[in-house]
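Take a look at the structure set out below.
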Amino acid sequence: MRDRRSWSKVTDLAPTGPELEAFVAAAGRVADHKTLRPWRIIEIRGSDRDLLARALNKADGKKGYSSKPRRAPLIIALVADVSSKKIPAWEQEATASGVAHMLSLVLDEAGFGVFWRTDDNTRSKALAKAHGLRKGEVLLGWLYVGGKPPRTRPVRRKTVDAAKHISRLPGGKKRRKVDDARS
């Protein structure tokens with residue numbers, strides 16, 4: 001996890017169908033609500049990328065094909081099913097997003113480069129139709145997957161300053177009990 005990064009350029013190497021199934025099985029271990037699985041993915045390879053390319057341009061009000069789907073040999077569309085009335089839609093989307101992020105980690109660990117892509121038209125009718133979305137489903141975006149090209153320059157990735165992202169409830173104690181127990 002600490003070494004994962006987005007790869008904006010990838011090679012033509014991609015996981016096979018059975019490999020992808022194994023990766024999705026592992027990534028599907030995110031938080032869920034009993035048997036509710038509010039997500040699915042759509043595997044887009046080869047000439048199917050042209051269907052996405054046309055839909056992207058149509059959503060933009062353009063004719064022809066977008067060049068973006070040709071940037072990776074495998075595109076994984078991430079779909080959230082928000083149809084359950086028992087669980088809030090945001091929570092169903094969060095679970096689907098969790099699968100996407102776990103899947104990117106699994107793919108990275110297996111040696112594949114991954115980058116997440118979304119845009120203002122992700123929820124357009126043109127893209128919903130192209131992906132065959134059912135009632136209650138929404139498109140979250142895509143993972144573009146391919147091989148990791150050789151690095152030509154050193155990686156200078158800054159780590160997150162965790163202390164800046166952790167806060168306490170207003171009015172709470174200044175120190176955490178766990179901190180007191182360890183001192």
Side-chain angles (χ1 to χ4, degrees), residues 1-46 48-49 52 68-69 71-119 122-123 127-128 130-149 155 157-167 169 176-178:
M1 242 183 336
R2 291 179 192 206
D3 294 332
R4 195 211 76 79
R5 63 178 293 271
S6 290
W7 292 80
S8 58
K9 293 183 180 178
V10 293
T11 69
D12 288 335
L13 179 69
T16 64
E19 286 175 322
L20 182 59
E21 287 177 17
F23 298 152
V24 171
R29 303 285 309 222
V30 298
D32 58 28
H33 301 280
K34 297 188 179 180
T35 58
L36 178 66
R37 299 279 190 265
W39 58 272
R40 70 183 177 100
I41 68 165
I42 301 169
E43 178 181 12
I44 306 169
R45 297 176 190 265
D48 288 351
R49 295 176 297 168
L52 175 57
K68 292 173 184 171
R71 294 180 184 168
L74 171 62
I75 300 172
I76 301 170
L78 307 153
V79 178
D81 181 343
V82 295
S83 61
S84 174
K85 302 298 179 216
K86 292 180 180 179
I87 309 296
W90 70 264
E91 214 168 328
Q92 296 171 69
E93 286 192 42
T95 299
S97 180
V99 169
H101 291 292
M102 295 283 280
L103 184 55
S104 71
L105 291 172
V106 170
L107 287 161
D108 182 80
E109 183 68 23
F112 296 100
V114 182
F115 64 98
W116 172 276
R117 186 175 177 287
T118 188
D119 65 29
T122 301
R123 302 266 168 109
L127 287 169
H131 287 81
L133 299 187
R134 301 181 286 254
K135 184 178 179 181
E137 289 185 327
V138 293
L139 182 64
L140 297 179
W142 307 268
L143 294 179
Y144 281 51
V145 182
K148 293 179 182 177
V155 176
R157 191 136 170 109
K158 293 181 182 177
T159 57
V160 171
D161 182 355
K164 290 183 178 180
H165 295 275
I166 299 172
S167 63
L169 278 174
R176 296 178 269 189
K177 276 192 170 189
V178 70

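Keep in mind that the numbers below use all heavy atoms, side chains included, and drop hydrogens, waters and symmetry copies. Along the sequence shown, residues are numbered consecutively beginning with 1.
- Contact check for Pro15 versus Leu74: side-chain heavy atoms found under the 4.5 Å cut-off.
- To the nearest 0.5 Å, atom OG1 of residue Thr122 and atom CG of residue Leu139 are 6.0 Å apart.
- Two residues are said to be in side-chain contact when any heavy atoms from C-beta on lie closer than 4.5 Å; Arg40 and Glu137 meet this criterion.
- Between Lys68 and Tyr144, the closest side-chain pair of non-hydrogen atoms falls below 4.5 Å.
- The two residues Ala72 and Val145 have their closest heavy-atom pair at CB-O, 3.6 Å.
- Of the possible polar contacts, none joining the Arg29 side chain to the Ala26 backbone as a donor-acceptor pair under 3.5 Å is found.
- Within the model, atoms CD1 of Ile42 and CG of Leu52 stand 10.0 Å from one another, a figure rounded to the nearest 0.5 Å.
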Inset, instruction - Assess whether side chain to side chain contact (heavy atoms under 4.5 Å, CB included) is satisfied between Trp142 and Ile76, documenting all intermediate values. - result: CA-CA 5 Å; Trp142 307 268; Ile76 301 170; over 6 Å; no
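- Electrostatic pairing of Lys148 and Asp108 counts as a salt bridge here, judged by a charged N lying under 4.0 Å from a carboxylate O.
- With sequence neighbours excluded, the residues satisfying side-chain contact (heavy atoms from CB on, under 4.5 Å) with Arg123 are Glu93, Val138, Leu140.
- A 4.5 Å side-chain heavy-atom check between Asp48 and Ile75 finds every atom pair outside the cut-off.
- Between Ala110 and Phe23, the shortest heavy-atom contact is CB-CZ, 3.5 Å.
- Rounded to the nearest 0.5 angstrom, Leu143 CG and Leu107 CG are separated by 7.0 Å.
- Checking side-chain atoms of Ser104 against main-chain N and O of His101 turns up a donor-acceptor pair under 3.5 Å.
- Counted within 6.0 Å of CG on Asp161, heavy atoms from surrounding residues, nucleotides or ligands total more than 12; the atom is thus considered enclosed.
- The OG atom of Ser83 lies 9.0 Å from the CZ atom of Arg134; values are rounded to the nearest 0.5 Å.
- Salt bridge status for Arg45 with Glu43: present, with a side-chain N to carboxylate O gap under 4.0 Å.
- With a 4.5 Å cut-off on side-chain heavy atoms, Val24 and Leu103 count as touching.
- The side-chain heavy atoms of Val10 and Pro73, taken from C-beta on, include a pair separated by under 4.5 Å.
- Residues Leu127 and His131 come closest through the heavy atom pair O-ND1, 2.7 Å.
- Ile87 and Glu91 make their closest contact through CG2-CB, 3.7 Å (heavy atoms, listed as atom of the first residue, atom of the second, distance).
- The two residues Ala100 and Leu78 have their closest heavy-atom pair at CB-CD1, 3.5 Å.
- Side-chain contact check for Ile41 versus Val79: every heavy-atom pair is 4.5 Å or farther apart.
- Scanning both residues, Glu19 and Ala14, for their nearest heavy atoms gives OE1-O, 4.4 Å.
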